[in-house]
Amino acid sequence: MKIFMDTANVDEIARFVDWGVVYGVTTNPSLIAKSGRSQAEVIPEIAAMVAGPVSAEVISTDCAGMVEEARKLAKIAANVVIKVPCIPEGLKAVKILSAEGIRTNVTLVFSMSQALLAASAGATYVSPFIGRLDDIGEDGVQLVKNIVQAFKNYGITTEVIAASIRNLTHVEQVMLAGAHIATIPTKVLEQMIQHPLTDKGLAQFLQDYANSQK
Ligand code: G3P
């Protein structure tokens, strides 16, 4: 499972790129707003920081507008992927963009039916939002598992990005569910490295080394 960062904050991305763990990045209008910068400023910077896909989301809700925005965004860099909402106009845009060789990430996916429609329209990626499903009492991880399995059943090559990840359990469960990618917020990525026994063990090693030098 590849790790993407779910943020538009370049300082945060730089920190984890240095760890060597970040393959791609996903953004959305909320994350761009949170960064305090514009999409036009931030996407080129992010696209230069990682080798893998960088999702930039359109804000139009009609097909023509989405396609126009997408063509501009796709020109920024070869690794820019266009994030399109899972609505009828979005599917129409995905079909057009896919025929032009522009990669898409269909976002706000909450059901297997939506995932199948997105894949059928030609989506490169689908993004089921697991945390938001958990919020309404459904099982987000199970949806990821189901989509992965269904795509396997039919040889569908659209990759599944587990999105709206809120905690370590989500990360570990979507690994088991077979997600191709998890897009992880900075706070959760920070937690992934931590374990009290690592800190305790290291302190002991250093203490034993120091004692052996006396
Ligand atoms: O990648 C989608 C993600 O940003 C949504 O996460 O936490 O706003 O549900 P959240």
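All ligand and atom numbering here is 1-based and tracks the order in the structure. In this chain, residues are counted from 1 in sequence order.
The distance from atom CZ of R15 to atom CG of N9, rounded to the nearest 0.5 Å, is 9.0 Å.
Counting heavy atoms closer than 4.0 Å to ligand 1, residue I165 contributes nothing at all.
Among the atoms of D6, some N or O lies under 3.5 angstrom from an N or O of ligand 1. For a threshold of 3.5 Å applied to N or O pairs, the pair formed by N28 and ligand 1 contains at least one separation below that value.
Residue contact check: A163 has heavy atoms under 4.0 Å from atoms 1 (O), 2 (C) of ligand 1. Taking every non-hydrogen atom of R132 and a distance limit under 4.0 Å, the qualifying atoms of ligand 1 come out as 5 (C), 8 (O), 9 (O), 10 (P).
Looking only at atom types and distance, the side chain of D6 has a donor-acceptor partner in the side chain of T26 under 3.5 Å away.
Under a 4.0 Å N-O distance rule, the pair E100/R71 qualifies as a salt bridge.
The shortest contact between atom 2 (C) of ligand 1 and any protein heavy atom is with F129 CZ, 3.3 Å. At the shortest separation from atom 6 (O) of ligand 1 among protein heavy atoms lies S164 CA, 3.3 Å. Nearest non-hydrogen protein atom to atom 7 (O) of ligand 1 is R166 NE, 3.1 Å.
The nearest pair of heavy atoms linking V174 to A182 is CG2-CB, 4.1 Å. When all heavy atoms are compared, the tightest approach of V10 to M49 is O-CE, 3.3 Å. For S111 against I147, the heavy-atom pair with the smallest separation is O-CD1, 4.4 Å.
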